[in-house]
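Note that the structure is a prediction, hence the values are computed from the model and not measured. Every chain is numbered from 1, with letters handed out A, B, ... down the list of sequences.
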Protein chains: 2
Amino acid sequence: MSAGTKDQPNVTPEVQASDEAPQRGNAARVAKTRGKIFGAVISSLDAVGYSECSINRVQTLAGVSRGALTHHFPSKEEMMVKTLEHLLAPVRGPARPGDEATMLRHADEAATLQEELHLLWRRVINTREGRALMEILVAARTDPALSARITPSLHIYNDDFNRNIANLYQASAGHEDELALLWSICRSFMRGLHTQVPYERDPKIITKMVDLFGRIMAPHLSARRPQGETDEEPV
Amino acid sequence: MSAGTKDQPNVTPEVQASDEAPQRGNAARVAKTRGKIFGAVISSLDAVGYSECSINRVQTLAGVSRGALTHHFPSKEEMMVKTLEHLLAPVRGPARPGDEATMLRHADEAATLQEELHLLWRRVINTREGRALMEILVAARTDPALSARITPSLHIYNDDFNRNIANLYQASAGHEDELALLWSICRSFMRGLHTQVPYERDPKIITKMVDLFGRIMAPHLSARRPQGETDEEPV
DNA sequence: ATCGTAAAACAGAACGTTCGGTCTGTTCAA
DNA sequence: TTGAACAGACCGAACGTTCTGTTTTACGAT
């Protein structure tokens with residue numbers, strides 16, 4: 001369904017070796033296969049939603065056999081849990097020192113909070129990955145087993161997220177303890193936007209909403225002066 | 001699954017006669033059956049989500065036969081479309097003059113915008129009906145046929161919504177044209193909250209978020225003095 | 001007033017399809 | 001040569017739809 005899923009898998013292969021280390025197996029082959037599967041799951045979630053993201057569809061889209069899929073992910077639940085963790089990984093922070101930091105750090109391109117939120121919307125939330133994540137979150141709400149599996153990951157992600165923003169942003173004076181809350185509000189707003197985009201007559205409305213929201217939030221949330229940055233930027 | 005779905009159907013029976021007029025049929029019986037079905041659909045959507053809201057489940061939960069269900073809703077898509085319209089109806093405004101107005105009108109109980117938003121969250125968004133609506137919206141995003149069916153209803157609902165808030169609220173001076181945008185932001189934020197509630201360790205966080213959000217929005221959005229009220233309140 | 005009849009409302013069996021999970025083989029790398 | 005990686009057939013269950021029958025209601029003719 002998506003454009004050119006076969007030609008440009010759109011997944012980051014050969015870079016996934018951060019998972020449980022396969023002591024014996026062929027690491028490169030595993031990473032490639034899992035990468036293809038992750039890409040297919042994400043594309044399917046974005047294109048047809050959680051319930052239609054079937055084993056058969058993923059298998060076909062990824063171009064792998066049923067056996068390969070089953071070997072890596074014994075159940076659909078396992079497939080979704082691992083896909084979620086795959087989606088959360090790049091936002092949690094730099095895997096190794098020197099890697100690009102959290103997706104929040106657009107400070108070099110965005111001067112104002114409004115611009116920052118626009119970038120967040122365009123590059124993180126309103127993407128295939130962002131919509132796929134949304135599908136998993138919504139599905140897990142009514143799936144106790146899935147919910148139980150992903151909740152710990154989400155808590156860890158949330159803690160990492162809050163730790164990262166503490167270095168990059170600050171709340172207005174007198175409300176320093178509200179920083180995490182403020183960013184939770186931003187994220188909630190943008191997740192909610194997901195359910196408005198498909199039904200909005202004028203796409204510009206979405207941009208206007210992000211813009212106005214940024215203007216409203218700006219007095220309460222500002223970027224830190226580049227200061228906690230110097231200690232770790234050899235590149 | 002839900003508590004006492006059989007004892008207190010929790011649907012508004014005998015009040016649904018607003019649909020395409022059944023020239024011949026038995027209006028009361030139809031309303032009762034459709035009411036039971038709507039209640040079962042809403043409960044199922046809330047409890048198990050869109051994909052698990054199967055015909056079999058609804059049929060059993062509603063206590064009606066397969067034939068009755070099929071008769072009223074020839075397809076699952078039709079069932080969902082009609083359920084959505086059923087969910088949207090009470091928010092669109094008073095069906096007849098004298099009926100209770102839109103769900104937005106808590107002005108008599110809520111003094112501040114914060115209290116108003118809390119009530120909106122507790123009584124409209126974070127309810128079985130609110131979560132059911134969310135499930136349909138999310139499902140329709142990846143279901144073109146369903147999306148095409150519900151989009152007109154959503155547009156009408158949106159227009160009615162904006163018309164209603166224009167009588168009840170006003171944007172801050174100098175930004176009168178932003179009223180609809182401001183409320184869209186509020187709704188987006190609260191819809192996004194749906195995807196955070198199940199995974200939040202401390203439920204109080206949600207309350208705090210609604211509270212802080214209300215505090216941030218308050219300078220931009222205020223209730224109109226009771227003035228456009230007198231022309232239509234004989235009760 | 002009541003009876004006949006057509007249509008709506010309801011009941012439930014049966015359909016083919018697709019689902020996720022399981023199973024037995026085969027290939028590849030160490 | 002061993003075990004991980006992969007391949008593909010197979011299973012019972014559940015899905016949404018379609019179908020034929022039965023009951024109930026409305027209403028004009030008698």
Side-chain angles (χ1 to χ4, degrees), chain A residues 13-14 16-17 19-38 40-41 44-45 48-83 136 139 142-143 145-146 149, chain B residues 13-14 16-17 19-38 40-41 44-45 48-83 139 143 145-146 149:
Chain A
E14 330 246 340
Q16 186 54 20
D19 240 339
E20 294 82 11
Q23 296 88 344
R24 298 289 301 276
N26 183 342
R29 191 156 68 132
V30 169
K32 186 177 176 184
T33 302
R34 290 173 70 103
K36 284 196 290 187
I37 295 173
F38 282 142
V41 172
S44 291
L45 285 173
V48 298
Y50 187 91
S51 63
E52 302 296 320
C53 181
S54 65
I55 307 277
N56 281 322
R57 176 181 287 271
V58 170
Q59 168 200 175
T60 304
L61 195 59
V64 302
S65 71
R66 186 59 160 275
L69 215 165
T70 301
H71 175 72
H72 289 287
F73 309 104
S75 68
K76 184 178 178 182
E77 181 185 309
E78 190 70 21
M79 188 173 78
M80 291 302 174
V81 170
K82 289 290 161 54
T83 300
I136 296 178
T142 52
D143 185 336
L146 182 59
R149 293 288 313 276
Chain B
E14 329 246 340
Q16 187 55 19
D19 238 338
E20 295 83 11
Q23 295 90 344
R24 299 291 300 276
N26 181 345
R29 190 154 71 131
V30 168
K32 186 177 174 184
T33 302
R34 289 172 71 105
K36 285 196 290 186
I37 295 173
F38 281 143
V41 171
S44 291
L45 285 172
V48 298
Y50 187 90
S51 63
E52 302 297 319
C53 181
S54 64
I55 307 280
N56 280 322
R57 176 180 287 271
V58 169
Q59 167 199 181
T60 303
L61 195 59
V64 302
S65 73
R66 190 57 159 273
L69 217 165
T70 300
H71 174 71
H72 288 288
F73 308 105
S75 68
K76 184 178 178 180
E77 181 184 309
E78 190 69 20
M79 187 172 78
M80 292 302 174
V81 170
K82 288 292 160 55
T83 299
D143 185 335
L146 182 59
R149 292 288 312 277

All N/O contacts under 3.5 Å from nucleotides 12-16 of chain D to the protein, with atom names and distances to one decimal?
residue	atom	partner	partner atom	Å
dC15(D)	OP1	Ser54(B)	OG	3.1
dC15(D)	OP2	Asn56(B)	ND2	3.2
dG16(D)	OP1	Lys76(B)	NZ	3.0
dG16(D)	OP2	Ile55(B)	N	2.9
dG16(D)	N7	Arg66(B)	NH2	3.3

Task: Closest nucleotide among dA29(C), dA8(C), dC6(D) to the His71(B) side chain - done: dA8(C)
Open item on the list: Contact between Gln59(A) and Ile37(A) at the side-chain level, heavy atoms closer than 4.5 Å - yes or no?
Closed with: no
Task: Non-hydrogen side-chain atoms of Met80(A) and Cys53(A) separated by less than 4.5 Å - done: yes
- [ ] Would you tell me if any nitrogen or oxygen in the side chain of Thr70(A) comes within less than 4.0 Å of OP1 or OP2 on dC6(D)?
- [x] no
Open item on the list: Please tell me if His72(B) has a side-chain N or O lying less than 4.0 Å from either OP1 or OP2 of dA8(C).
Closed with: no
Open item on the list: I'd like to check the side-chain hydrogen bond (donor to acceptor under 3.5 Å, both in side chains) partners of Glu78(A); sequence neighbours left out, ordered by chain and number.
Closed with: Lys82(A), Arg149(A)
Task: Those residues that, when tested against Ser51(A), pass side-chain contact (heavy atoms from CB on, under 4.5 Å) (two or more places apart) - done: Ser51(B)
What's the [atom1]-[atom2] distance between [X] and [N], to the nearest Å?
{"X": "Ile37(A)", "N": "dA5(D)", "atom1": "CD1", "atom2": "P", "value": "11 Å"}
{"X": "Lys32(B)", "N": "dT25(D)", "atom1": "NZ", "atom2": "P", "value": "11 Å"}
{"X": "Glu77(B)", "N": "dT17(D)", "atom1": "CD", "atom2": "P", "value": "9 Å"}
{"X": "Gln59(A)", "N": "dC19(C)", "atom1": "CD", "atom2": "P", "value": "11 Å"}
{"X": "Arg29(A)", "N": "dA5(D)", "atom1": "CZ", "atom2": "P", "value": "8 Å"}
{"X": "Leu69(A)", "N": "dG21(C)", "atom1": "CG", "atom2": "C1'", "value": "12 Å"}
{"X": "Lys36(A)", "N": "dA7(D)", "atom1": "NZ", "atom2": "C1'", "value": "13 Å"}

Open item on the list: I'd like to check the salt bridge (charged side-chain N to carboxylate O under 4.0 Å, His left out) partners of Glu52(A); sequence neighbours left out, ordered by chain and number.
Closed with: none
Show me, pair by pair, the donor-acceptor contacts under 3.5 angstrom made by side chains of residues 66-73 of chain B, not counting sequence neighbours?
residue	atom	partner	partner atom	Å
Arg66(B)	NH1	Asn56(B)	OD1	3.0
Thr70(B)	OG1	Arg66(B)	O	2.9

